[in-house]
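One structure is given below, encoded as structure tokens.
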Amino acid sequence: MSTKALLDAAMKLKPEERLSLVEGLIQSLDEPDKRLDEIWTEESERRLKAYREGKLEGIPMEEIFKEE
């Protein structure tokens with residue numbers, strides 16, 4: 001079934017059924033990606049190690065959030 005056919009069929013639903021469908025679709029997009037979490041964990045560990053070894057310099061929080 002094409003996207004257009006799905007949309008046409010969805011538009012024939014009652015408003016509360018369309019809401020339920022939309023909520024289900026949004027929730028399916030919001031599911032955590034375990035591989036992405038692993039990538040960010042590896043990256044944060046790599047950055048922390050580089051910082052501790054003096055290969056990466058930190059930036060003071062005040063400098064990051066100062067208003068221009």
Side-chain angles (χ1 to χ4, degrees):
M1 183 177 277
S2 72
T3 304
K4 182 176 179 346
L6 282 171
L7 181 58
D8 290 342
M11 293 306 290
K12 294 175 184 171
L13 297 172
K14 294 177 185 176
E16 59 271 9
E17 293 171 323
R18 290 195 314 257
L19 178 60
S20 178
L21 177 62
V22 168
E23 287 175 339
L25 289 170
I26 290 172
Q27 187 176 17
S28 75
L29 295 172
D30 233 7
E31 291 181 7
D33 182 342
K34 291 184 190 242
R35 181 62 192 138
L36 191 55
D37 290 342
E38 291 171 7
I39 291 169
W40 275 113
T41 298
E42 291 167 6
E43 178 64 16
S44 63
E45 289 173 353
R46 184 185 66 76
R47 291 181 188 190
L48 178 60
K49 181 179 182 217
Y51 175 77
R52 287 181 174 162
E53 292 174 350
K55 298 176 182 176
L56 183 65
E57 191 174 313
I59 301 171
M61 182 179 68
E62 294 79 15
E63 187 176 328
I64 293 171
F65 291 105
K66 75 178 177 185
E67 293 190 28
E68 306 253 340

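One-based numbering along the sequence shown. Below, all heavy atoms of this structure are taken into account, side chains as well, without hydrogens, waters or symmetry copies. Because the structure is predicted, anything quoted here is derived from the model rather than measured.
Under the 4.0 Å criterion applied to side-chain N and carboxylate O atoms, Lys66 and Glu63 are not assigned as salt-bridge partners.
With a 6.0 Å radius and a threshold of 12 heavy atoms from other residues, nucleotides or ligands, Glu53 has its CD atom above the threshold. Glu38 CD: more than 12 foreign heavy atoms inside a 6.0 Å radius. Around atom CD1 of Ile59, no more than 12 heavy atoms belonging to other residues, nucleotides or ligands sit under 6.0 Å away.
The distance from the CD atom of Glu17 to the NZ atom of Lys12 is 13.5 Å, given to the nearest 0.5 Å. Rounded to the nearest 0.5 Å, atoms CD1 (Ile39) and CG (Asp33) are 7.5 Å apart. A distance of 6.5 Å separates OG in Ser20 from CD in Glu23, rounded to the nearest 0.5 Å. Distance check, rounded to the nearest 0.5 Å: NZ of Lys49 to CZ of Arg47 gives 15.5 Å.
For the residue pair Leu13 and Arg18, the shortest heavy atom distance occurs at O-NH1, 2.9 Å.
With hydrogens and angles disregarded, a donor-acceptor distance shorter than 3.5 Å links the side chain of Thr41 to the backbone of Asp37.
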